[in-house]
Amino acid sequence: SSETEILHALKYVEHICQKSRSNKHIARSAGLIPLIVDMLKSGSRRVRCKALETLRIVVEEDAENKV
């Protein structure tokens with residue numbers, strides 16, 4: 001995927017997770033955390049920063065996933 005597509009997808013995940021706590025749970029259950037973590041290895045600084053920001057939003061309020 002292109003950098004633009006990845007950034008768009010991460011922004012979409014953030015948007016969905018900010019809407020409700022149940023959406024965060026669904027995102028975590030769908031296995032998005034490992035995918036987002038994998039994006040931290042990207043060669044693009046913009047992707048890495050957005051992935052980190054998205055990860056923070058997805059795991060907030062869930063102590064188990066913060067580990």
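Note that this is a predicted model, so its numbers are computed, not measured. Numbering starts at 1 and runs along the sequence shown.
- Atoms CG and CD1, on L52 and I57 in that order, are 10.5 Å from each other to the nearest 0.5 Å.
- For E3 against S44, the heavy-atom pair with the smallest separation is OE1-OG, 3.0 Å.
- From L10, atom CG reaches atom CD of E53 across 9.5 Å, with rounding to the nearest 0.5 Å.
- Applying the side-chain contact (heavy atoms from CB on, under 4.5 Å) test to H25 and every residue at least two apart in sequence or in another chain returns R28, S29.
- A distance of 13.0 Å separates NE2 in H15 from OG1 in T54, rounded to the nearest 0.5 Å.
- Side chains of S2 and T4: no donor on one and acceptor on the other come within 3.5 Å.
- In this structure, L55 and I36 approach most closely via the heavy-atom pair CB-CG2, 3.9 Å.
- Looking at every heavy atom in both residues, A51 comes nearest to L40 through CB-CD2, 3.8 Å.
- For the pair L32/V58, no side-chain contact is recorded, criterion being any heavy-atom separation below 4.5 Å from C-beta on.
- Counting heavy atoms from C-beta on, the side chains of M39 and K50 never come closer than 4.5 Å.
- Put simply, V37 and L7 are part of the same group of oily side chains (I, L, V, M, F, W, Y) that touch within less than 4.5 Å, one to the next.
- Looking only at side-chain heavy atoms (C-beta outward), R45 and R48 come within less than 4.5 Å of each other.
- Using a 4.5 Å cut-off between side-chain heavy atoms of Ile, Leu, Val, Met, Phe, Trp and Tyr, with links allowed through other members, L35 and V47 fall into the same hydrophobic cluster.
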